Amino acid sequence: MNMLHPAQAHTSEDLTKGAHVVIRSEEKVFTVNSVSNGTLVYKATITILDENGKDKAQLYVLYDKLTKVDYLKATSYDRFGKKIKTLRKSDIVDVSAVSNGTLFEDSRIKVADMRHTVYPYTVEYEYQTTTSNMLFYPVWMPLNEENMAVEKSTFRVLVPTGMQLRYLEKNLPTPLKKETTATQEVYTWQAQNLAPIETEPYGVEFRELVPLVRTAPVTFEVEGYQGNMHTWKDYGLWVNKLNNGRDVLPDATMQKLQTLVADAKTPEEKVRKIYHYLQSNTRYVAIQLGIGGWQPFEASFVDGKGYGDCKALTNYTQAMLKAVGINSYQALIEAGEDEADIITEFPSQQFNHVALCVPLQQDSLWLECTDQNKAAGYAGSFTGSRHALLITPEGGKIVKTPAYRATDNTQIRHIEVKLDEKGNGLAHVTTVFRGEQQEGRSNAIHLMEPDMQKKWLYSQVEVPSFDINSYKWEEKKDKIPAVTENLELSLRQYATFSGKRLFLTPNLMNKRTYAPGRKEKRTSEVVLSSMAYVDVDTVSFELPEGYALEFKPQDLNLANDFGKYSAQFKVDGRQVTYIRRMQMEKGRFKPETYSALVDFLNKIIAADSQQVVFVKNIP
């Protein structure tokens, strides 16, 4: 029988509508050979429909000291099934996968680039890796980005008979198929004919909408360290094994630390002194070789060298606090701004960072040990408002990191503007940023040179036409840190004229400009996932002489589950005072509330653009 090559096979229009890429077939097979060894085989046939899908014609295979690439093959075909190219060994680019600030890291990537310029075309990939890092089992998400369709995808895990596989399933189109052979338990998941899925504005994360299977071991081993992942408690006990005996400090250092905190009045004051010592004497450098990706260097190493990665610096801080009688716990966290929270019901390796939690009588103090500038106790957008795994002597325990409310993340601004006869103005702006709202300014203070600071400020000030005459920042470090910013701005033709009228937009620096489009049928929940915040702007304008009020907008008050907004306009002779207060909350809301959110945001956009109109007095 004459079989069509996949490149020639027809894909239904329903499936390809809105797609840049079609996964014609995909098979991922993970074989657990033992608690300390596994093999992954991946095969895929992918059709690239247009230029927007060309990145899928590149394959990236990650490897390191514990994982090797056994082979990598690829072939491409044109739309008629004619071979374009077969990947040669010399075509495979092998590059370092090290991150910024990395001193030693063995992560590397093999890159196979099969991109072509005539569309559509099809690429076939196949590779195999073998790993002795059994901390990680594969995740299967066949539809892993928007504008992609999947004809068929199969995920299979084979484990030795009697060895348990743990898995978590979401949105599966067909149920798991489980089989038993003489030597193995075989788990098979399959998905077919998955059309592209688009996320909705203010919608749930993509991974909540698509088929997803996470897998994990019960028992595992990495470089001789055997552990158990059945519960978070068990996983924490394995981390304790890695940390055991690595908190010993030189006697001279212990004496120095005890002298450092001798005059401290409270345990918290001791912690702050030790944290300041850490920040003044160490720097962050990633060192991740083999088990070093999870096991910290000894505290004595960091003490002598003055550097370490997140694990090493956290372990060092814990050791220093122990030396002055303060108990603390390491905490594994999935760090990063807007990073998805871990799946707490599925104990597994879901973390990329380590921080330190110091229990005190009133509250716990969280320390970010990799940051030389962060305030003690402030987790912020990097590690705040999420779950972490606290590593206690009794094992792992899921806890919440500090959550930041709208009233913690504030921007309180006072502006005084004096306008001249041409509508130009001189503005004095004082803004106090707190919580997550101060992070950008804090980074600018510590990480930018003055010329870059000013350039960055120009990108932050949202005024039509202006010059920055001067700027000054003052930083206050606390559990909720703050930055006070003082600006002097020259405004060019901020007030506009038409005949004898003067038009003034009182909202100088904080206008909302975006609202999503309306949608007849909303399918997913409404998610406000960025920070909750409160902005208060008080703006005073002094007008040139000779103008009388003609029109003043009505004051406005809006309130709903999403937030609150108010705008007040006052005119007293030549003085115009505008007070705007905006509060937005975080949360998830029912799909049917979407239209109310759009209305709310559109009303704010309209209110923020309102003008006060004056007419020139004619003698």
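Fair warning: this is a prediction, and the values are worked out from it, not measured in the lab.
The shortest distance between side-chain heavy atoms of Lys305 and Phe297 does not fall below 4.5 Å. The closest side-chain heavy-atom distance from Val526 to Glu200 is not below 4.5 Å. Residues His20 and Leu49 fail the side-chain proximity criterion, which asks for heavy atoms closer than 4.5 Å. Ser381 has its side chain within reach of Glu439: a pair of non-hydrogen atoms, C-beta onward, lies under 4.5 Å apart. Under the 4.5 Å side-chain criterion, counting only non-hydrogen atoms from C-beta, Val527 is not in contact with Glu208. Proximity of Tyr127 to Lys110: side-chain heavy atoms (C-beta onward) are nowhere separated by under 4.5 Å. Looking at heavy atoms from C-beta onward, Asp113 lies out of side-chain contact with Val93 at the 4.5 angstrom threshold. No side-chain heavy atom of Asn147 sits under 4.5 Å from any side-chain heavy atom of Pro196.
Of the possible donor and acceptor atoms, one in the side chain of Thr231 sits under 3.5 Å from a partner among the backbone N and O of Asp234. At least one donor-acceptor pair closer than 3.5 Å links the side chain of Thr401 to the backbone N or O of Thr383. Put simply, the side chain of Lys241 gets close to the backbone of Gln226: a donor and an acceptor are under 3.5 Å apart. Looking at Thr199, its side chain never comes within 3.5 Å of a backbone N or O of Phe206 through a donor-acceptor pair. Here the side chain of Trp140 pairs no donor or acceptor atom with the backbone of Thr215 at under 3.5 angstrom. Side-chain atoms of Asn240 come within 3.5 Å of backbone N or O of Thr392 as a donor-acceptor pair. At distances below 3.5 Å, not a single donor-acceptor pair connects side-chain atoms of Thr317 with backbone N or O atoms of Cys369. When atom types are taken as modelled, the side chain of Gln279 and the backbone of Ala375 share no donor-acceptor pair closer than 3.5 angstrom.
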### Query
So Thr129 and Tyr63, side-chain contact (heavy atoms from CB on, under 4.5 Å) or not? Walk me through it.
CA-CA 8 Å; Thr129 59; Tyr63 72 99; 5.9 Å; no
#### Entry: Val123 and Lys56: CA distance, side-chain angles, deciding distance, side-chain contact (heavy atoms from CB on, under 4.5 Å) verdict
CA-CA 9 Å; Val123 179; Lys56 279 293 181 180; over 6 Å; no
### Task
Report the C-alpha separation of Thr16 and Val22 in whole Å, then their side-chain angles, then the decisive distance to 0.1 Å, and conclude whether the side-chain contact (heavy atoms from CB on, under 4.5 Å) test is met.
CA-CA 7 Å; Thr16 58; Val22 179; 3.8 Å; yes
### Task
For salt bridge (charged side-chain N to carboxylate O under 4.0 Å, His left out), just list the numbers for Arg156 and Glu27, CA-CA rounded to whole Å, side-chain angles, deciding distance to a tenth of an Å, and then say yes or no.
CA-CA 8 Å; Arg156 188 171 288 117; Glu27 185 177 36; 3.0 Å; yes
### Query
Given Val399 and His387, is the side-chain contact (heavy atoms from CB on, under 4.5 Å) satisfied, shown in steps?
CA-CA 6 Å; Val399 297; His387 289 90; over 6 Å; no
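Val32 approaches Met134 most closely through the heavy-atom pair CG1-CE, 3.9 Å. Residues Ala57 and Tyr121 approach most closely at CB-OH, 3.4 Å, considering heavy atoms. Residues Arg108 and Leu62 approach most closely at O-CD1, 3.2 Å, considering heavy atoms. Closest of all the heavy-atom pairs between Tyr77 and Glu124 is OH-OE1, 3.5 Å. The two atoms that bring Ile197 and Glu146 nearest to each other are O-CG, 3.4 Å, heavy atoms only. Heavy-atom minimum distance, Asp341 versus Arg386: OD1-CB, 3.6 Å.
The side-chain hydrogen bond (donor to acceptor under 3.5 Å, both in side chains) analysis of residues 165-176, with sequence neighbours excluded, yields the pairs Glu169-Trp189. The side-chain hydrogen bond (donor to acceptor under 3.5 Å, both in side chains) analysis of residues 247-257, with sequence neighbours excluded, yields the pairs Asp247-Lys322, Thr253-Asp303, Lys256-Tyr277.
Residues forming a side chain to side chain donor-acceptor pair (under 3.5 Å) with Thr344 (at least two apart in sequence, or on another chain): none.
The number of heavy atoms from other shown groups lying within 6.0 Å of NZ (Lys85) is above 12. Other residues, nucleotides and ligands contribute at most 12 non-hydrogen atoms within 6.0 Å of the CZ atom of Arg405. Around the NZ atom of Lys400, the shell of radius 6.0 Å holds more than 12 heavy atoms that belong to other residues, nucleotides or ligands. Within a 6.0 Å sphere centred on CD of Glu345, heavy atoms belonging to other residues, nucleotides or ligands number more than 12.
Between Tyr404 and Trp366, the ring centre distance reaches or exceeds 6.0 Å.
Annotation: the span from Gln349 atom CD to Tyr235 atom OH amounts to 3.5 Å, rounded to 0.5 Å. Expressed to the nearest 0.5 Å, how far CD1 of Ile274 lies from CG of Leu257 amounts to 4.5 Å. Taking CD from Glu151 and OG1 from Thr47, the interatomic distance works out to 7.5 Å, rounded to the nearest 0.5 Å. To the nearest 0.5 Å, the span separating CD on Glu436 from OG on Ser385 amounts to 6.0 Å. Atoms NZ and OG, from Lys586 and Ser529 in turn, are 7.0 Å apart once rounded to the nearest 0.5 Å. Here the straight-line distance linking atom CG of Leu321 with atom OH of Tyr275 works out to 11.5 Å at 0.5 Å rounding.
Side chains of Ser34 and Asn37: a donor-acceptor N/O pair is absent below 3.5 angstrom, by distance only. There is no side-chain donor-acceptor pair under 3.5 Å between Glu179 and Thr188. Side-chain contact of Thr39 with Asn33: a donor-acceptor pair under 3.5 Å is present, judged by distance alone. Between the side chains of Gln350 and Ser348, at least one donor N or O lies within less than 3.5 Å of an accepting N or O. Side-chain contact, Tyr329 with Gln318: no donor N or O sits under 3.5 Å from an acceptor N or O. In the model, Tyr71 has a side-chain atom that pairs as donor or acceptor with a side-chain atom of Glu126 under 3.5 Å.
Between His353 and the choices Glu368, Glu334, Lys311, the side-chain hydrogen bond (donor to acceptor under 3.5 Å, both in side chains) rule is met once, by Glu368. Residue Ile23 is tested with Val150, Asn144, Leu194, Thr45 for a side chain to side chain contact (heavy atoms under 4.5 Å, CB included); the sole match is Val150. Between Val261 and the choices Met320, Arg272, Lys270, the side chain to side chain contact (heavy atoms under 4.5 Å, CB included) rule is met once, by Lys270.
No salt bridge links Glu268 with Lys479; every basic N to acidic carboxylate O contact stays at or beyond 4.0 Å. With respect to the salt-bridge test (charged N to carboxylate O, under 4.0 angstrom), the residues Glu525 and Arg588 qualify.
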